[in-house]
Structures are given as structure tokens and as C-alpha cells.
Amino acid sequence: MARRKKLYEGKAKVLYEGPEPGTIVQYFKDDATAFNAEKKDVIDGKGVLNNRLSEFFMTGLTQIGVPNHFIKRLNMREQLVRAAEIVPLEVIVRNYAAGSMAKRLGLEEGTRLPRPIVEFSYKDDALGDPLVPEEYIIAFGWASQQDMDDIVAMALRVNDFMSGTMFGVGIKLIDFKIEFGRVYEGDFPRLIVADEISPDSCRLWDIESGQKLDKDVFRHDLGNLNDAYTEVARRLGVLPSNVTHAPTKPTLIN
Ligand code: UDP
């Protein structure tokens, strides 16, 4: 393969220059990190599953008219995406209390929230991605008021899509994190969903058993992470083609 220019290497992905201007090749690694990279491991095959799952969710968003960076999958671990200027925010949508919110407010994990709640963390590993109010975001110029209105509206549409899709396969969407990027069409900037959507950045609980099917399995040593992600992929009918021991169609939940 021709040598490609590496643009950025993060905890779970590597970005390479794409074949056309304005494109990027996103490579999904097998590395898993948690607690701001204090806990690390390599989980064979995780990147393959996340490449497929992110493709599945982004393609679904395109179908309902939520703009996002996904162009096409290139191979088992790589997808072609639109280059975007990343807004330095982690946009978190919560349907049920868990993780840092449960801790902060002393709520039991799994408590249903009165309505979906959108919150923002400033993306800065050295600071541990601190939670920030919209006031900070606008005052420091990370995004404008108009951007924030668009981001909240899109995040809620992503939440509706993801919640419904997961509900259809017997999984409750507790919360998730997405990121947004700016692309330019002529002189006009537009926000799109970027980065990835996968069980690395969602909390997914089986509706019947409450079993966790997301990165909390790794964070809290609850079992085999790949088994959890494979179960999500299997239910959604998006298993990679080299996995032959499981059905390739969605499984009906009784
Ligand atoms: N999340 C993420 N990356 C981060 C922080 C959080 O993808 O750097 C996701 C996390 O998987 C969960 C949601 O955002 O689905 C809310 O996470 P929370 O604020 O509860 O933080 P955590 O307890 O996971 O550190």
C-alpha cells in the first residue's frame, strides 16, 4: 500500500490523509482505554467491530437526514470520512443516570431522567475533559450560540435515532457521547456529526437482564469486551463478514 501521511493518532483511532482533498481515512485500533487512559489494554478485534458499528449508525443518521462525516467503509478497519474541524466538545446525551452524573448527583445508576439531558465537556485530556456550561463555550469562542442551538437539536435527533434503533433489538440506550465537526460548503460553515458512534462511547444495557454491552465491561472488568460488542453487532445484523459462527441478519427479540 502507498505510504500515507498520518495526521493524528488518538486513543482508539488513527487518522490518515485521504485520497481526495477534504477526505480522511479513519483507522480503528484495538486499543481500549478508560479513566483518561489510566487503564489500557489491547482487545483483539475491537477495532473491526467499531468500524462496522460506526458505519451502521452513521449510515442510519444519513438516512434520516442528520449530516455526518461518513463516506464509505474501505476495509475491515478503515473508513473514508469527510475532513472536519472538530469542535472541542464532548457532547453527551443522557436518558438514564449513570457514570459521572450518577456520582455527581448521588443518583442510582439506571434512574430514568425526567427528559433527555444534553451536557458538554471541554475536550482536553490534561484537564480530564471538564464539564462546562454553554456560557463558557460561547464566551471562549469554542462555538457560537447558533452552533450550540444546532448541536443540541442534532444531538437530540441522534438520541431519538439511537434509542429507537437499540430499543428495537432489546437494548436500552443509557447515554452516549458524540462530537461535531465544521465543514465548509463554499464560504458557509456547517456542522456535522464526526468522530465515531460505537459501544466505546455509549452505555448500552440489555433491557431484559440489565447486562452491560458497552465499554463499562472494560472499565469495571465485567467480562469480555468483544463478546459484548459482538452481541450488539449480532443483534443489529452488522457482524463483519469473516465471523461465520453467528447469523448475519438481525435477530428478532420475543
Ligand atoms: N464518554 C466517552 N468519552 C469520554 C467520556 C465519556 O465516550 O471521554 C461517554 C461514556 O461512554 C458514556 C457517556 O459518554 O456513554 C457519559 O459518560 P460519563 O460522563 O458518565 O463519564 P464516565 O463515567 O464514562 O467517565
Side-chain angles (χ1 to χ4, degrees), residues 8-13 26 28-29 31-41 43 46-47 49-51 53-54 57-58 68-69 86-113 115-134 136-137 142 151-152 154-156 158-163 165-167 171-181 193-206 210-223 225 228-229 232:
Y8 174 80
E9 177 154 5
K11 286 176 280 209
K13 297 187 292 294
Q26 186 163 254
F28 288 76
K29 302 195 281 185
D31 302 29
T33 63
F35 310 118
N36 209 3
E38 276 170 39
K39 182 174 169 129
K40 288 185 202 171
D41 206 349
I43 315 277
K46 178 176 82 83
L49 286 160
N50 281 351
N51 186 27
L53 285 163
S54 201
F57 293 125
M58 295 288 184
N68 65 79
H69 73 167
I86 295 291
V87 177
L89 297 174
E90 304 212 319
V91 178
I92 293 168
V93 185
R94 301 179 185 273
N95 298 305
Y96 299 83
S100 63
M101 175 193 241
K103 211 167 158 187
R104 194 176 321 117
L105 300 183
L107 293 170
E108 192 182 335
E109 284 228 318
T111 308
R112 178 189 274 285
L113 300 173
R115 60 177 172 81
I117 293 178
V118 185
E119 66 180 43
F120 313 98
S121 295
Y122 178 53
K123 259 171 76 74
D124 186 316
D125 281 341
L127 297 174
D129 299 338
L131 188 67
V132 287
E134 206 173 286
Y136 286 20
I137 297 167
W142 301 326
I151 284 175
V152 170
M154 277 196 264
L156 290 172
V158 175
N159 185 45
D160 284 347
F161 169 75
M162 294 286 295
S163 295
T165 302
M166 300 318 295
F167 183 71
I171 295 173
K172 203 150 74 169
L173 178 65
I174 303 295
D175 58 28
F176 65 93
K177 182 266 300 186
I178 46 174
E179 295 182 22
F180 288 85
V193 177
D195 189 49
E196 73 176 279
I197 304 180
S198 76
D200 267 4
S201 47
C202 300
R203 283 197 173 90
L204 304 169
W205 294 5
D206 181 72
Q211 189 193 350
K212 293 182 177 170
L213 299 170
D214 56 61
K215 206 165 87 176
D216 274 352
V217 171
F218 170 72
R219 289 190 187 100
H220 306 299
D221 300 314
L222 300 176
L225 190 72
Y229 287 21
V232 175

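This structure is a prediction, so every number in the text was calculated from the model and none was measured. Order of listing sets the numbers, starting from 1, for every ligand and every atom in it. Residue numbers run from 1 in the order of the sequence given.
- Using a 4.0 Å cut-off to heavy atoms of D129, the atoms of ligand 1 that qualify are 8 (O).
- Side-chain atoms of S54 never come within 3.5 Å of backbone atoms of N50 as a donor-acceptor pair (strictly under, hydrogens ignored).
- Under 4.0 Å from ligand 1, not a single heavy atom of K103 appears.
- A salt bridge links D221 with K39: the distance from a Lys NZ or Arg NE/NH1/NH2 to an Asp or Glu carboxylate oxygen falls below 4.0 Å.
- The backbone of C202, and not its side chain, has at least one atom closer than 4.0 Å to an atom of ligand 1 (non-hydrogen atoms only; backbone = N, CA, C, O).
- Closest to atom 22 (P) of ligand 1 by heavy atom, among K123, E119, R219, R203, is R203.
- Protein heavy atom at the shortest distance from atom 12 (C) of ligand 1 is D175 OD1, 3.1 Å.
- Remark: of the listed residues I197, L89, D195, D195 is the sole one forming a side chain to side chain contact (heavy atoms under 4.5 Å, CB included) with E179.
- In R115, the CZ atom is not crowded: 12 or fewer heavy atoms of neighbouring residues, nucleotides or ligands sit closer than 6.0 Å.
- The heavy-atom pair separating I171 from L204 by the smallest distance is CG2-CB, 3.6 Å.
- Looking only at distances, no side-chain donor or acceptor of N159 sits under 3.5 Å from a matching main-chain atom of V93.
- Set against the non-hydrogen atoms of R94, the atoms of ligand 1 under 4.0 Å away are 16 (C), 18 (P), 19 (O), 20 (O).
- Contact atoms of ligand 1 toward D200: 7 (O), 11 (O) (distance under 4.0 Å to a heavy atom of the residue).
- Side-chain atoms of K215 never come within 3.5 Å of backbone atoms of S198 as a donor-acceptor pair (strictly under, hydrogens ignored).
- Protein heavy atoms are found less than 4.0 angstrom from atom 18 (P) of ligand 1.
- Of all atoms in ligand 1, numbered sequentially from 1 with element shown, those under 4.0 Å from a heavy atom of G99 are 20 (O), 23 (O).
- At least one heavy atom of E90 sits less than 4.0 Å from an atom of ligand 1.
- Atoms of ligand 1 found under 4.0 Å from any heavy atom of S100 (numbered from 1 in listed order, with element): 18 (P), 19 (O), 20 (O), 21 (O), 23 (O).
- Under the 4.0 Å criterion applied to side-chain N and carboxylate O atoms, D214 and R203 are not assigned as salt-bridge partners.
- Of the protein's non-hydrogen atoms, K177 CB, 3.8 Å is the one closest to atom 1 (N) of ligand 1.
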